[in-house]
Every structure is written in structure tokens, then in C-alpha cells.
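The next block holds one structure in the form of C-alpha cells; read it before the comments.
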Amino acid sequence: MSTASSASTSMRTHMCGSPRETDIGQRVTLCGWVARRREHGEHLAFVDLRDHTGIVQCVLNSDVDVRSEYVVRVSGVVRERPDGTRNDALPTGAVEIGECEVEILRSATPPPFPIDERADSVDENVRLQYRYLDLRRTRMQRNLRIRSAVNAAVRRSMESQGFVEVETPMLVPSTPEGAREFLVPSRKEKGSFYALPQSPQLFKQLLMVGGVDRYYQIARCLRDEDLRADRQYEFMQLDLEMSFVGQDDVLDAVGRSVLDAAEAVTGERPPEIERMTWHEAMDRYGSDKPDLRFGLELVDLGDVFSATEFKAFASASTIKGIRVPGAAAEYGRGQLDRLTERAKQAGAKGLVWLKVGDGGELESPVAKFLSPEECAGLAKELEAESGDLLLLVADEWSVACEVLGTLRNDLGRPPVHQGPYRYVWVVEFPLFVGVDPVSGRPRPGHHPFTRPHPDDVDLIESDPLAVRSIAYDLVLNGWELGSGSIRIHEPELQQRVFNALGIGPEEAARKFGFFLRPFDYGAPPHGGFAYGLDRLIAILAGEENIREVIAYPKTQSGTDPMTESPLPADPAQLAELGLRVLPSVDGDRS
RNA sequence: GGUCCCGUGGUGAAGUCUGGAGUUCACGCCGGCCUGUCAAGCCGGAGGUCGCGGGUUCAAGUCCCGUCGGGACCGCCA
């Protein structure tokens, strides 16, 4: 993140953050914004001059009228500050610029909020409305530069690993599966539309058919789905695809680029990324994106209750629990009711809570239904101690895991940017997830071209939901950074998967022919991955919202307060595109 | 589509539960004083449709209904 090469221009000799004691005596010319002025009458004023590198104090002995955020050019001499006036809070605080001549390059209206850390508490809508002022702040400058450093490191990493950057189109055909797309009307072919790419998936796999061998792209992706702290309409992915590889090859390449990026930002290379199967992640953490920074692991209690008389437990295939250390006292009836409500929202029929008393006895509405052996076994398995709160869910395995995983995150999860970085590969995702309520057929877990695990191929017809896939996710501090898979490159296997999805050969040809026909000309075995750069950058920058690492993000409702987009289209523009806007269903009140 | 939180001079907050004059605090802004400050200090001043609309009331920032905007989350994101 060097700024040295950009320091000197025809208008300046140094950056505001650079003057040091070693520069004393030098004549310098600086350009920047007036961060603050401190006037002491007509013949002495201090002006703090700011650019993205920092702040330096300029001493003015004239009465030139400079105010907040004026853009000025200052020529003067670097000199030592008088005894007792050094400012240890500033890197430049040992020196000041004296004998200043000031040229006002542009006067400025007072900004709506202070251009410093106090703006962190300003309404985000106001920050976004004046984003260009927000961007002047140290925090935003730092985030933009971290972003640039990550992009550069990722590019270097991919290039050094023999990947070739290929740009894929932004105007693409609409595809039937996946996220809602943004549509772009065609002017020449009225009534026809392009879509903006939700990912370069189709094109990158065809690059493998095209013999590129190793492709990557820092790709913009667009999805018309609701926005969140970790989701924007448009976002950046490091997208890659490799030929003649297995899972380990892909994980190794992706892992290197992520660790290279992390090292470029933090100066420290994280340890090798650990691996966990999807089943283990669900079983121990109740999530396919487990946050490994904290405990509260799920414990199986099936053995304890194998012969229970308690109906709610006897009828369930899985009984699991978590232990919340020392939480018994702080959770009153109201909070426990809220936890129960949360569990039900997450899909549970109910939530059993037990408090561990001083003598190890269990206090709970259901205690009377449990035998002494069950109470003892439960306390033993959960390693319960006095004052703990125990939460139990009995249901089918997936529900019990997901519900407790939700509670685990609610109760223990730190903000995403806090604590150590815990990367983890989650591998062996199921090929199919759940069942489509309409067709009764399984739904693809990743996408329909994902390669089944070789050990499970024979289960595709007999027990599809048990089939694992060669699909994998990369998770950091409980955020899904990205996902990928080894693809199917043979037509026979592809049709078996389609059959399981209820897609016959004719429908497959109709829906996916444009994609699969090229494979007949010789598709190599291949696989790939894509991870969200905004998310990675946010976490590396210590931000919990990706808007903070995007120069011009959208609000949660998809608007931009600065440009006021989206805006109604000009009727002439619509006519040229052959479009007409229908009146809104609930009536136009304007 | 749903749940929850927020909206008060340019900015941040208090006031809303328990209705009584646009009240308060800090920052910023404008003017004056000030030759070593550094979120300078001191004195003075300006600045408001309490998001918007309706209702209840003698009286609404405060209570009720609706609506708009922002945020967190669920759904959604193959």
C-alpha cells in the first residue's frame, strides 16, 4: 500500500502525512483539504491539512480566510515544532509547515457531517447521500485501499498459479434456474431481453471446453434478491474454473489465493484452512457455515434417552442439546419463552430447557418426566455444571441440528469481524437438498451439473437424498465466502442426475441444451469455485457490513441516496425499447 | 410477503412510557476577541413542518391508525 510513487506531481512535492523530523529545513508544497483551523487573532492560525495519507499542521501568519474542507495548496518549510507543542497523536506531530503561502484552489460549503470518525454514528442514509464526503474519511480510504490490495493480491496469486483472466459478457441470456435476474430490454429486437449475469457459470465451463485449462476473473455478479448486511444487488466474485482436476486441486488453488489476500492485508499468513464434512458441520454446529470462533457445540443425547418414557423424546429420531455456561441465572421466564419462540420459527416443535442448580439438580418444566438416570446422563454428556442453562431439541436429525444451530449463533456468535479468523472448508455437501413440494422430486443442492461423490453414484436412483456430492463451501467466521464443485462432464451421468430431478432427456435438451451440447465436442473433466470478494474484504477490514467496503453501495431497499436511482424512465426511452409501464396493482396515488 | 428497531435545527443525542408554550445538552455554522493551538479557548448570534397524512383530546414531538424513509433478521439468494 505504498503511496510514494504518487506523491510528487506538478502541483505538490509531498503528501500531507509524510513530513518528518528528517525533512526539517526542506521547502515543500502540499495539496489537500482543510481538516481544521485554529485561529489566534490576525497574525497566527493553525490549519490542519488533510489528504488520504494523513494530516499535517500548517502555521499561517497571514489572515487568509480558509475554512473547513477548502481545497488548498500550501508552500512552506518543514520545521521542528517549539518545545512543548509536539503532538504525539499525529505521525507528523514532531514537525509543522512554517512560512506558509496559501493558494485556495476551491472554496467549500460546510459539510453536513464532520469528516472524521464522528461520522461513524451519522445516519447511514446521510453518509450515502454525501458518499463523496464520507469517502474522504480515514475509515473509508482505508477500506478502499484494503479492497484494492485484496484485488491485486488475488490477481497476483491467480497469475502465479497459471490462471488466465478472461472477461465474460455482461449481457447474457436469461437462465431458468437460480436467483432472480435483472433484465435488459433489446432495442433491436423488441420484446426480447438480455439478463445481467448472476454469475459467469455457463461461460466459464465453456472456457474449459475451449481449452483454456485454468480460468479466473474478478467478476461482477448481479442478483435481484433482497439485500442484507452481506448482500448487494451487484457484488464481486473471484471466479475460477480448472480442467483435469479433482477437489484437492481446486481447494488448493482457491485456498492459496484467499490466504495470499489475507496476508496482503494483515501481514500475517493464516494457517492452512481446515476441512470438515457437511455432515460434521451440521452435526456439531447445526450449520453448513459453522462459526468456529466459539464453542456451544451440539451434543448428541440419543443414547441417554434411548428408552425414555417422555413422549416428546420417545417419538423423535434425534435428540441433541447445547450447554450455555453460567446462563441459568440470566435467563428468566420471558427470555426462555423468546428462545422457545425462536426455536419454533427455526422449525422445532418445541424447546426443552433445563437449569442446573447449585447441587447439580435439574430445574425444568419437563424434569418430572425424566428419570434420574436420564438426568444424570444428560448432565454427563453435556458436561453440565452448576448455573448452566441446557437447551434440548428432539426432532428428525436435520431439524434438531438446524434449530440448535440457530440458537447457538443467537447465544454465542460474536460480530463477524471480531476475534481470530477461522477459515474452514465444508466438503461433501449433499447432491440434493429437500424435496420440491410440487413435483415431489429432490432439488439440487448446488446446481444440477454438480458431480456426485463416486462412492454414492449408485444411490442416485435408490436413495437420492443420501447422495453426497463433490461440492464444497469456504466459510470464514460464519460467513459463506463461496462455493464450488467438480462438474459432470459425461452425458450418461448427467442424465442420471436429471432423471432424479424429474427432468427427462427432451426437457434437458430444451432447458440446458445450449449449455450441454458443447460438451459433446469434448468437455474435459473440470471443476471450479467462486468466492465473494466484498465479504472477504469486509471481514479483513474489520467491518460487519459489506456496504462499508463498497464505494457506492445500495441501501437495503435497493436505492442509491446519492443519485436517487432507480428513477422512472423517460417515455421516449421506453417507446424506443418497445416497453410500456403498467399501472401498479394497488393504484397509483400520485 | 413477514417480524422487530429507528426517524426531534446541518450532525449526534435527551424529551415520547406518564399529553400541557419547540424545551435541553454536545458538535457544527455565522459574527467578535485572542500570537502556540491541536476535537484550541472566551463572548454573542442564527438555525425547527419533532419524516408525512389522518384521528382522539380543551391541548399531541408524546396516545391511536395509516404511510414514507433507514437498519437488523425470516422468506428469497440453484
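Below, chain A is the first sequence line, B the second, and so on; all start at residue 1.
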Near RNA chain B, under 4.0 Å by heavy atom, which residues of [range]?
| range | result |
| --- | --- |
| residues 85-101 of chain A | A:T85, A:R86, A:N87, A:E96 |
| residues 195-209 of chain A | A:Q201 |
| residues 61-72 of chain A | A:R67, A:S68 |

Would you tell me whether [X] and [Y] have side-chain atoms, one donor and one acceptor, within less than 3.5 Å of each other?
| X | Y | value |
| --- | --- | --- |
| A:N409 | A:Y285 | no |
| A:H279 | A:E428 | no |
| A:N499 | A:Q495 | yes |

Take the protein atom [atom1] of [X] and the nucleotide atom [atom2] of [N], then report the distance between them rounded to whole Å.
| X | N | atom1 | atom2 | result |
| --- | --- | --- | --- | --- |
| A:N125 | B:rG7 | CG | P | 14 Å |
| A:R342 | B:rA72 | CZ | C1' | 11 Å |
| A:F113 | B:rA39 | CZ | C1' | 17 Å |
| A:R127 | B:rG12 | CZ | C1' | 14 Å |
| A:Y130 | B:rG12 | OH | P | 12 Å |
| A:M562 | B:rG70 | CE | P | 16 Å |
| A:R180 | B:rG1 | CZ | C1' | 11 Å |

Students often get this wrong, so: under 4.0 angstrom with heavy atoms, is [X] touching a base, only sugar-phosphate, or nothing?
| X | result |
| --- | --- |
| A:G445 | sugar-phosphate |
| A:R81 | base |
| A:T559 | sugar-phosphate |
| A:R223 | sugar-phosphate |
| A:A119 | nothing |
| A:R79 | base |

Please confirm whether the shortest side-chain N or O distance from [X] to OP1 or OP2 of [N] is below 4.0 Å.
| X | N | answer |
| --- | --- | --- |
| A:R228 | B:rC74 | yes |
| A:R38 | B:rU37 | no |
| A:N545 | B:rA72 | yes |

A:Q418, CD atom: more than 12 neighbouring heavy atoms under 6.0 Å: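 Atom CD in A:Q418 is crowded, with more than 12 foreign heavy atoms closer than 6.0 Å.
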Quiz item: A:E39 side-chain donor-acceptor pair to B:rU37 base, under 3.5 Å: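 Absent.
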Check: B:rC76 base within 3.5 Å donor-acceptor of A:R231 side chain: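 Per atom types, the contact qualifies.
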Using atom [atom1] of each nucleotide, how far apart are [N] and [M] to the nearest Å?
| N | M | atom1 | result |
| --- | --- | --- | --- |
| B:rU11 | B:rU62 | C1' | 24 Å |
| B:rC6 | B:rC29 | C1' | 27 Å |
| B:rG9 | B:rA26 | C1' | 14 Å |
| B:rU24 | B:rG15 | P | 16 Å |
| B:rG20 | B:rG10 | C1' | 30 Å |
| B:rC34 | B:rU18 | C1' | 49 Å |

Qualifying residues under ring-ring contact (aromatic ring centres under 6.0 Å, His included), relative to A:W33, sequence neighbours excluded: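 None.
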Counterpart residues, ring-ring contact (aromatic ring centres under 6.0 Å, His included), relative to A:F514 (two or more places apart):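 For A:F514 there are no ring-ring contact (aromatic ring centres under 6.0 Å, His included) partners, ignoring immediate neighbours.
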Atom pairs under 3.5 Å, N or O on each side, protein against nucleotides 44-47 of chain B: can you list them with distances?
none

Would you list the protein and nucleotides 2-6 of chain B atom pairs, both N or O, that sit under 3.5 Å from each other?
none

Whether A:H40 stacks on the six-membered ring of B:rG36 base, 5.5 Å and 30° limits: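 One would not call A:H40 stacked on the B:rG36 base.
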Stacked pair A:F46-B:rU37, distance under 5.5 Å, angle under 30°: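 Yes; centroid distance and tilt both under limits.
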Aromatic ring pairing A:F529/A:Y472, orientation class (parallel under 30°, perpendicular over 60°, tilted between):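 Ring orientation, 0 to 90° scale: parallel.
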Closest-nucleotide 5' rank along RNA chain B - winner of A:R443 and A:R37: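 In this pair, the answer is A:R37.
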Test: [X] and [Y] ion pair at under 4.0 Å:
| X | Y | answer |
| --- | --- | --- |
| A:R131 | A:D134 | yes |
| A:E543 | A:R139 | yes |
| A:R142 | A:E548 | no |
| A:R231 | A:E225 | no |
| A:E480 | A:R535 | no |
| A:D473 | A:K289 | no |
| A:D226 | A:R228 | no |

Checking contacts here: which listed nucleotide ([options]) is nearest the side-chain heavy atoms of [X]?
| X | options | answer |
| --- | --- | --- |
| A:E124 | B:rU11, B:rG71, B:rG36 | B:rG71 |
| A:D226 | B:rG71, B:rG1, B:rG69 | B:rG1 |
| A:L44 | B:rG36, B:rC77, B:rC73 | B:rG36 |

Identified side-chain hydrogen bond (donor to acceptor under 3.5 Å, both in side chains) partner of A:E241 from the options A:R487, A:Q217, A:Q201: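 Between A:E241 and the candidates, side-chain hydrogen bond (donor to acceptor under 3.5 Å, both in side chains) is satisfied uniquely by A:R487.
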Distance-only check: which donor-acceptor pairs under 3.5 Å involve side-chain atoms of residues 107-119 of chain A, not counting sequence neighbours?
residue : atom : partner : partner atom : Å
A:D116  : OD1  : A:R118  : N            : 2.8
A:D116  : OD1  : A:R118  : NE           : 3.2
A:D116  : OD2  : A:R36   : NH2          : 3.3
A:D116  : OD2  : A:R118  : NE           : 3.2
A:D116  : OD2  : A:R118  : NH2          : 2.7

Polar atom pairs (N or O), protein with nucleotides 24-27 of chain B, under 3.5 Å:
residue : atom : partner : partner atom : Å
B:rC27  : O2'  : A:R118  : NH1          : 3.1

Any pair counted as salt bridge (Lys or Arg N to Asp or Glu O under 4.0 Å), so long as it reaches residues 44-60 of chain A, sequence neighbours left out: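 Sorted result for residues 44-60 of chain A: A:R38-A:D48, A:R50-A:E69.
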Base paired to B:rC58 (Watson-Crick or G-U; both N/O distances under 3.5 angstrom):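 Pairing partner, where one exists within any strand: B:rG20.
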By side chain to side chain donor-acceptor pair (under 3.5 Å) - contacts of A:T555 (at least two apart):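 Applying side chain to side chain donor-acceptor pair (under 3.5 Å) to A:T555 gives A:S557, A:T559.
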Residues that A:E341 engages under side chain to side chain donor-acceptor pair (under 3.5 Å), provided they are two or more places apart: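 By the side chain to side chain donor-acceptor pair (under 3.5 Å) rule, A:E341 matches no residue at all.
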A:F449 and A:H526 aromatic centres sub-6.0 Å: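 No - the distance between ring centres of A:F449 and A:H526 does not fall below the 6.0 Å cut-off.
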